[in-house]
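Index from 1, following the sequence. Since the structure is predicted, the reported quantities are computational estimates derived from the model, not experimental observations. The figures here come from the full heavy-atom set of this structure, side chains too, leaving out hydrogens, waters and symmetry mates.
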Amino acid sequence: MEFGKVATNEIAKVDFTLPPDGAQTKRTLSGKASNSPKFFVVCAKWGRKEWINLIYTPKAKEKNFLGQYVTISTL
């Protein structure tokens, strides 16, 4: 198997079962439900040079990508 890929004929053999929740998750989920929960969905790869002029400022430097990404992601 190539990392991250499964042949079509092998999919039926894959165990997609999730492990049990850990103690921290159980503590977090046992709290009071929120009427207005906040969710942040972000990309795992924020350091993308091709995003200059798309989500980063035109003259953004790599060392500043994370700071700009966090600002954009929380709008």
Side-chain angles (χ1 to χ4, degrees):
M1 176 173 70
E2 184 179 336
F3 181 77
K5 295 184 179 183
V6 178
T8 304
N9 63 331
E10 296 289 317
I11 291 176
K13 299 176 186 175
V14 176
D15 180 3
F16 289 102
T17 306
L18 295 174
D21 287 338
Q24 179 64 39
T25 301
K26 288 179 183 178
R27 279 195 300 277
T28 301
L29 295 177
S30 69
K32 182 180 175 185
S34 174
N35 291 331
S36 57
K38 290 185 178 181
F39 294 90
F40 298 95
V41 179
V42 296
C43 181
K45 294 188 176 188
W46 46 265
R48 310 281 308 225
K49 289 181 183 179
E50 58 268 25
W51 288 355
I52 293 175
N53 285 322
L54 295 174
I55 66 170
Y56 299 131
T57 57
K59 294 185 179 182
K61 303 217 180 309
E62 284 185 72
K63 67 179 183 177
N64 300 323
F65 283 178
L66 181 58
Q68 287 190 24
Y69 185 76
V70 170
T71 302
I72 294 163
S73 299
T74 58
L75 295 176

Residue pairs involving residues 53-66 (criterion salt bridge (Lys or Arg N to Asp or Glu O under 4.0 Å); sequence neighbours excluded): Lys49-Glu62

By side chain to side chain contact (heavy atoms under 4.5 Å, CB included) - contacts of Lys45 (at least two apart): Cys43, Arg48

Listed partners of Thr57 passing side chain to side chain contact (heavy atoms under 4.5 Å, CB included), at least two apart: Ala60, Gln68

Residues in side chain to side chain donor-acceptor pair (under 3.5 Å) with [X], at least two apart?
{"X": "Thr17", "value": "Asp15"}
{"X": "Thr25", "value": "none"}
{"X": "Ser30", "value": "none"}
{"X": "Asn9", "value": "none"}

Rounded distance (nearest 0.5 Å) linking atom CH2 of Trp46 with atom CH2 of Trp51: 10.5 Å

Gap between atom CZ of Phe16 and atom CD1 of Ile11 - 0.5 Å precision: 6.5 Å

For Lys13, salt bridge (Lys or Arg N to Asp or Glu O under 4.0 Å) partners two or more places apart: Glu10

Side-chain heavy-atom pair Tyr56, Asn64 within 4.5 angstrom cut-off: no

